[in-house]
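Here's the structure, in structure tokens; my notes come after.
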Amino acid sequence: MGHFEKGQHALLNEGEENEMEIFGYRTQGCRKSLCLAGSIFSFGILPLVFYWRPAWHVWAHCVPCSLQEADTVLLRTTVSVSVSSKT
């Protein structure tokens, strides 16, 4: 997932069976605009890809930030990646 500075990710349930890493991301307007343009020019294919790969959606729309500033988080387990957004 790239290089993260201290405070941009954390380990939850360390040493347990359900251990997860949590990564913080902040949405950027210019990235959202580029993804919107990509969605239009791809005739809707890009949103389908983002639907199937939610982590790609976050990586395309957001930049890494501290967990306190994050409006979107990625949870990575040994099995899959889950996405959660503040509403």
Side-chain angles (χ1 to χ4, degrees):
M1 278 213 223
H3 176 68
F4 287 88
E5 296 177 13
K6 186 175 182 175
Q8 292 178 339
H9 77 285
L11 193 59
L12 302 175
N13 303 325
E14 188 172 0
E16 296 181 18
E17 184 178 320
N18 58 347
E19 183 176 288
M20 293 184 279
E21 286 182 295
I22 183 169
F23 299 87
Y25 291 89
R26 183 178 58 243
T27 305
Q28 258 193 341
C30 62
R31 285 182 173 226
K32 283 182 77 170
S33 299
L34 287 173
C35 287
L36 178 62
S39 298
I40 293 168
F41 289 121
S42 69
F43 299 107
I45 301 290
L46 190 59
L48 287 175
V49 171
F50 288 159
Y51 178 79
W52 291 321
R53 297 287 188 165
W56 291 5
H57 182 269
V58 173
W59 294 333
H61 285 84
C62 305
V63 293
C65 70
S66 70
L67 292 171
Q68 290 78 20
E69 298 173 348
D71 58 19
T72 303
V73 295
L74 281 180
L75 298 172
R76 183 171 68 179
T77 64
T78 56
V79 178
S80 65
V81 175
S82 302
V83 176
S84 175
S85 295
K86 290 183 185 175
T87 53

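The first residue in the sequence is number 1, and the count goes up from there.
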- Results of salt bridge (Lys or Arg N to Asp or Glu O under 4.0 Å) for Arg31 - residues two or more places apart only: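 Salt bridge (Lys or Arg N to Asp or Glu O under 4.0 Å) check on Arg31 returns nothing, list empty.
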
- Under a 4.5 Å side-chain heavy-atom rule over Ile, Leu, Val, Met, Phe, Trp and Tyr, are Leu48 and Val58 clustered together?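 In one cluster: no.
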
- Joint hydrophobic cluster, Ile45 plus Trp59, side-chain heavy atoms closer than 4.5 Å: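 Per the 4.5 Å side-chain linkage, Ile45 and Trp59 are co-clustered.
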
- Query: Hey, are the side chains of Ser39 and Phe50 touching, using non-hydrogen atoms and a 4.5 Å cut-off?
  - Reply: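 The answer is no, as the side chains (C-beta and beyond) never meet within the 4.5 Å cut-off.
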
Between atom [atom1] of [X] and atom [atom2] of [Y], what is the distance when rounded to the nearest 0.5 Å?
{"X": "Phe23", "Y": "Leu67", "atom1": "CZ", "atom2": "CG", "answer": "9.5 Å"}
{"X": "His61", "Y": "Arg26", "atom1": "NE2", "atom2": "CZ", "answer": "15.5 Å"}
{"X": "Leu34", "Y": "Gln28", "atom1": "CG", "atom2": "CD", "answer": "10.0 Å"}
{"X": "Asp71", "Y": "Cys62", "atom1": "CG", "atom2": "SG", "answer": "6.0 Å"}

- For Arg53, enumerate each residue passing the side chain to side chain donor-acceptor pair (under 3.5 Å) test, keeping only those at least two apart in sequence or located in another chain.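 Arg53 satisfies side chain to side chain donor-acceptor pair (under 3.5 Å) with no other residue.
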
- Item | For Ser33, side chain to side chain donor-acceptor pair (under 3.5 Å) partners two or more places apart |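 Ser33 satisfies side chain to side chain donor-acceptor pair (under 3.5 Å) with no other residue.
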
- Item | Which atom of Cys35 lies closest to which atom of Ala60, heavy atoms considered |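 In terms of heavy atoms, the two residues are closest at SG-CB, 3.6 Å.
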
